[in-house]
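Each remark here refers to the structure printed beneath this line.
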Amino acid sequence: MQIDVFTLFPEWFEWFSDQRHMKNLAAAGTTLDVVDMRATTPIANNRVDDTPYGGGAGMVIRVDVVEAALRARYGADPAELRQRRRVVVLSPVGRRLDDGLAEELAREPELTLLCGRYEGFDQRVHDHFASDVISVGDYVLSGGELAAMVVIDAVTRKLPEAHGDERSALEESFSKELDGAPEYPHYTRPAEHRGWPVPEVLFSGNHAEIERWRREQSELRRVTRDLPS
Ligand code: SAH
């Protein structure tokens with residue numbers, strides 16, 4: 001998978017790209033390229049934003065700045081680009097990221113992520129360049145960089161090359177394998193800690209019974225969400 005992320009703060013991705021998770025993916029052919037939108041701005045003095053029409057606080061990232069960055073990268077009209085690759089605008093107003101959407105994006109050979117800053121992008125970026133507008137939750141971050149990292153992490157986890165043991169990625173919270181429910185609890189050594197027990201069934205060696213117990217626990221968590229009782 002080829003991932004391009006467009007940002008005004010490319011240095012945010014230096015640490016991220018350097019982590020083992022991303023390095024393993026790179027070794028398996030998944031690339032993450034970071035594109036600095038300021039580098040191609042057509043506006044004097046390297047500006048990328050302007051005051052909002054209609055007034056109000058904050059600055060808005062200009063549509064012509066995003067157009068120039070996309071054109072420079074893909075050599076194509078950005079208004080047509082979205083017909084052949086997913087171009088995602090990160091924005092709190094977008095479709096909420098969930099496991100299904102992560103699966104969907106993981107099937108794409110190429111992915112473009114546009115990170116906003118300040119008040120966000122001129123609406124025409126959403127309307128004419130984006131195939132998707134994606135939110136990582138109903139709260140507001142200062143920039144799209146962390147949101148893009150969340151999307152990249154959730155999506156690349158779905159790629160087979162991200163895992164030594166592929167099963168661990170299959171039976172995860174919200175996956176089809178668990179019918180969309182949160183995952184069941186895990187336990188490991190010690191068998192006893194401060195008198196807090198491990199459920200007996202896990203020592204039974206009865207795989208069918210263990211599986212049944214795990215499914216039950218998983219279903220229960222749809223309701224409890226593992227909140228302290
Ligand atoms: N004025 C906007 C918020 C802008 S926050 C509003 O009220 O909706 C600046 C940038 O951070 C956005 O352009 C977006 O790229 C990113 N961002 C903030 N919160 C986000 C979220 N929940 N999901 C995805 N991106 C987010």
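Order of appearance sets the numbers: ligands from 1, and atoms from 1 within every ligand.
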Subject >> Min N/O separation Tyr118 to ligand 1 under 3.5 Å >> reply: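 No, there is no polar N/O contact under 3.5 Å.
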
Original post:
Can an N or O of Gly116 be found at a distance shorter than 3.5 Å from an N or O of ligand 1?
Top reply: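 N/O-N/O distance below 3.5 Å exists for this pair.
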
What protein heavy atom is closest to [atom], reported as residue, atom name and distance in Å?
atom                    : answer
atom 23 (N) of ligand 1 : Val136 N, 3.0 Å
atom 1 (N) of ligand 1  : Glu119 OE1, 2.9 Å
atom 19 (N) of ligand 1 : Leu141 N, 2.9 Å
atom 17 (N) of ligand 1 : Pro92 CD, 3.8 Å
atom 25 (N) of ligand 1 : Ser91 N, 3.4 Å
atom 15 (O) of ligand 1 : Leu90 O, 2.6 Å

Original post:
Does the side chain of Leu202 come within less than 4.5 Å of Ile210's, by heavy atoms?
Top reply: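 Touching, per the 4.5 Å side-chain cut-off.
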
Original post:
Is the cationic atom of Arg215 (NZ for Lys, CZ for Arg) positioned less than 6.0 Å from the six-membered ring centroid of Tyr184 and within 45 degrees of its normal?
Top reply: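 So Arg215 doesn't make the cation-pi contact.
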
**OP:** Assign the ring pair His126 / Phe121 to parallel, tilted or perpendicular, where the plane angle (0 to 90°) is split at 30° and 60°.
**Re:**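 The arrangement is perpendicular - the two ring planes meet at more than 60°.
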
Original post:
Touching ligand 1 at all, Leu97? Heavy atoms, strictly under 4.0 Å?
Top reply: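 Not so, Leu97 does not reach ligand 1.
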
Original post:
If you measure from each heavy atom of Gly58 to ligand 1, is any distance below 4.0 Å?
Top reply: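 In this structure, Gly58 fails to qualify as a contact of ligand 1 - no heavy atom is under 4.0 Å.
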
Original post:
Where the side chain of Thr156 meets the backbone of Ile152, is there a donor-acceptor pair that is under 3.5 Å apart?
Top reply: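 Yes; judged by distance alone, with no hydrogens or angles, the pair exists.
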
Original post:
Is a donor on one side and an acceptor on the other found under 3.5 Å between the side chain of Arg38 and the backbone of Asn46?
Top reply: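 Checked: pair present.
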
Original post:
Hey, is Ile61 touching ligand 1 through its side chain, its backbone, both or neither, going by heavy atoms under 4.0 Å?
Top reply: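 Within the 4.0 Å criterion, Ile61 makes no contact with ligand 1.
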
Subject >> Atom of Glu119, atom of Ala57 and distance for their closest heavy-atom approach >> reply: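 Between these two residues, the closest heavy atoms are CG-O, 3.7 Å.
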
Donor-acceptor side-chain pairing of [X] and [Y] below 3.5 angstrom:
X      : Y      : value
Ser135 : Arg95  : no
Thr112 : Tyr74  : yes
Ser204 : Glu209 : no

Atoms in ligand 1 with a heavy atom of [X] nearer than 4.0 Å:
X      : value
Ile134 : 24 (C)
Val140 : 3 (C), 5 (S), 19 (N)
Ala147 : 24 (C), 25 (N)

Original post:
Got a protein heavy atom sitting under 4.0 Å from atom 7 (O) of ligand 1?
Top reply: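 Given the 4.0 Å cut-off, atom 7 (O) of ligand 1 does not count as touching protein heavy atoms.
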
Original post:
So does His207 have more than 12 non-hydrogen atoms from other groups sitting under 6.0 Å from NE2?
Top reply: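 12 or below, so no.
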
